[in-house]
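Contents: one structure, followed by commentary.
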Amino acid sequence: MSEDANVQFSEREALLYHSEGRPGKIEIVASKPMATQRDLALAYSPGVAVPVRAIAEDPAAAYDYTAKGNLVAVISNGTAILGLGNLGALASKPVMEGKAVLFKRFADVDSIDIEVNTEHVERFIDCVSLLEPSFGGINLEDIKSPECFVIEQTLRERMKIPVFHDDQHGTAIIAAAGMINALYLTGRDISTAKVVVLGAGAAAIACAELIKAMGLPHDNLLMLDQKGVIYQGRTESMNQWKSAHAVKTNRRTLADALKDADVFLGLASANSLPAELLKTMAPKPIIFAMSNPDPEISPPEAKAARPDAIIATGRSDYPNQVNNVLGFPFIFRGALDVRATTINDAMKIAAAKALAELARQQVPEEVAVAYGVHHSFGPDYIIPAPFDPRLMEIVPVAVAQAAMDSGVATKPITDMAAYRQTLKARLNPTTSVLSLAYEGARANPKRVIFAEAEEEVVLRAAIAFKEGGYGTPVLVGRESVHERLTGLGADPAEFELHNSVNSPLVPKMVEFLYQRLQRRGYLRRDCERMVNRDRNIFGALLLQLGEADAMLTGVTRTYAESLRQVRRVIDPAPGRTPFGVHVMVGQSHTVFIADTTVNERPTAEELADIAEGAAQVARRMGHEPRVAFLSYSTFGNPAGRWLENLRGAVKVLDARENVGFEYEGEMAPDVALNPKQLAKYPFARLSGPANVLIMPGLQSANISAKLLRELGGDATIGPMLLGMEKPVQIAPMTATASELVTLAVLAAGGIAR
């Protein structure tokens, strides 16, 4: 029942993440131009009066003229924050901001956090219900039980917009999806299954209610709390929500309940399910141990006791993670898009069934590559991977259709195929691919050299890389690195440090380097000096000698100098032209710019090679490449002397077989990127705006990338170095620890190759 992976990190890193730059995780960005007096007049006074009158006449017009239709409030009073308990409304703000970020990241739902400073149920309800004009939906979060039941039910009755307590229903929906598939794989029917639910809090009761709504008979579910089985006639520690699941039974303990049971749903506490009790369950038992971070029983223990079991947990480091992020962003997406007045059982069931069906489909290649294994439907894959790119187009469609069928949609969708296409277009595939790359690194960890380990930013990146489970950092530096690690809260004994002063590899390195450079004017003593004094040379030699899988450097020297040192040790890949690419990532677009770092004035042949390499990177990051060779001139207008290489590159690609992507040039940037401008040239071979921009030379490429980085609103990845025989990445000198980790993951995972 987790929304986040079981990734390890230090407290200091977490605090830095939240405090560096702009504090917090969200900001407000204007969606309309605000550059001129006319813009301001339209945005505020007097222009704003026009939509005000329109909304006063027709309240539904608020969805047309304001952000209401795509705006969800994430609201808490902080009485049940994650696993931390009642720490108050203000302390819950980082969690609520995080939830808002997940809404945007996964489903392009705008969200804002609201922390309400009261534990009084009626005051909380009054506060939230009065916010209805502002929002298209309400996501309740981290509110303790049983108050959360009263709050949600009352708000659903009072408000005409969706109200959804994710701690209850998000967990229930994902668990139900997994249960559908587990029942299918074990040949069971929900109408005859026997289910035991350990726990009687918000999530447990929501799970019980949902699977009963899906067809589980009331008497086939036994719920237990700390006092044991909830049975008819019990009076101790009872309330109306528990009483709704009381059954007539003589069973009183967990051992009694589990005898011959088909399904165990754990939503209680760590290590609360003894392994020996599993042996009394029915054949092929279904065990969902969802307490997080430590489940009721660990999967290895459960498997040892019952090798025939299907097991799910809330953890990402075991198969079948019950992860709420599979649900709430996409459920709200579908509900908002049909302007649903509520999120009802039909919509929840539709979401669960859609998730279950998705898990049965063939897993996309990008998901398989990222996770390091080729998942297929079966006992270890009954729930889709959280970063499956199909979630966005499948779950909202199912939810929207259920809202329409159940009569709660006020704006039905008439063309579902077109709606599916709009959903696909809402998100940038690069963001999913990067997430998948991180997951892939954790599934297939590599050894990455951090060549400048004496720098704090590099050490922080190395610590994050290790604690995130992405691989083993191989540090290059002096003994003082140990002290710095201690100062950053890390244990030096857990890190591998290479120092040329005492490395037994130095003689082999010197010999290797001398054999490479002796006919380029270098003496053996020159090679000895470089190996002993230069961290980039030393690190690159570690890579060449097989001591690691990839290398990262760059923060202490210019890119050009770092590249010169690396190339003394590592050659370009056979038949490849090394080049650099900056990736500019916006919410709904990604643009690849090359070559931004290596080739000052590339030939036509080199430009063609760069285009092919950049197109391959774009495809690996989820985009169908459309390549434009950029110039100040568009198809010869105006004429000039620097056009032949660009025209030649197009001819080179024309002559190559199986290029496999669209390309065109020479053309100015506005023609390449603006569909209206491109339409003026009907003979152009691009089917849409270019997303891979090949620059005529290093000067224009580097200037453009850095200008966009400093002035633009897009995030920037890179520059990534491609075309070398070994995975090496050279970071900008200004790189943050987070940016260094991303480059290390991309290098180790094969996207940047």
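Here the structure is a predicted model, which is why all the values come from computation and not from measurement.
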Next item on the list: Taking the side chain as every heavy atom from C-beta outward, state whether V263 and F288 have any atom pair closer than 4.5 Å.
Entry: no
Note to self: Pairing donors with acceptors under 3.5 angstrom, does anything connect the side chains of R315 and T313?
What the structure shows: no
Notebook entry, point to check: Is the NZ or CZ atom of K99 positioned over F328's six-membered ring, under 6.0 angstrom from the centre and within 45° of the axis?
Noted result: yes
Item checked: Side chain proximity check, Q321 to I383, heavy atoms < 4.5 angstrom -> no
Notebook entry, point to check: Going by heavy atoms in the side chains, are D110 and K104 under 4.5 Å from each other?
Noted result: yes
Note to self: Testing the basics here: between V408 and M347, what is the closest heavy-atom pair and its distance to 0.1 Å?
What the structure shows: CG2-SD, 3.8 Å
Note to self: Using side-chain hydrogen bond (donor to acceptor under 3.5 Å, both in side chains), reason through R123 and N77 one step at a time and then give a plain yes or no.
What the structure shows: CA-CA 11 Å; R123 291 182 66 190; N77 62 0; over 6 Å; no
Notebook entry, point to check: H623 vs F592 aromatic rings, parallel, tilted or perpendicular, using cut-offs 30° and 60°?
Noted result: perpendicular
Note to self: Main chain of V399, side chain of K348: is a donor-acceptor contact present, judged purely on distance under 3.5 Å?
What the structure shows: no
Next item on the list: May I ask you to check whether S406 and N344 show a side-chain donor-acceptor distance below 3.5 Å?
Entry: yes
Check: Taking C-beta and beyond as the side chain, do I343 and V163 meet within less than 4.5 Å on heavy atoms?
Finding: no
Notebook entry, point to check: Does the side chain of H169 come within less than 4.5 Å of L210's, by heavy atoms?
Noted result: no
Next item on the list: Measure from the ring center of F103 to the ring center of F332 and say whether it is less than 6.0 Å.
Entry: yes
Next item on the list: Kindly indicate whether the side chain of N139, heavy atoms from C-beta on, has any atom under 4.5 Å from the side chain of I75.
Entry: no
Checklist line | Pairs flagged by side chain to side chain donor-acceptor pair (under 3.5 Å) wherever residues 412-421 is involved - sequence neighbours left out | finding: D337-Y419
Margin query: Testing the basics here: between R626 and S687, what is the closest heavy-atom pair and its distance to 0.1 Å?
Written below: CD-OG, 3.7 Å
Note to self: With heavy-atom distances below 4.5 Å as the criterion, would you say the side chains of Y17 and K25 are in contact?
What the structure shows: yes
Margin query: Please report whether the ring centroid of H165 lies less than 6.0 Å from that of F149.
Written below: no
Check: Is the NZ or CZ atom of R360 positioned over Y184's six-membered ring, under 6.0 angstrom from the centre and within 45° of the axis?
Finding: yes
Check: Do the side chains of L183 and M179 get nearer than 4.5 Å, heavy atoms only?
Finding: yes
Check: With distance as the sole criterion, is a donor-acceptor pair present between the side chains of E119 and N86 under 3.5 Å?
Finding: yes
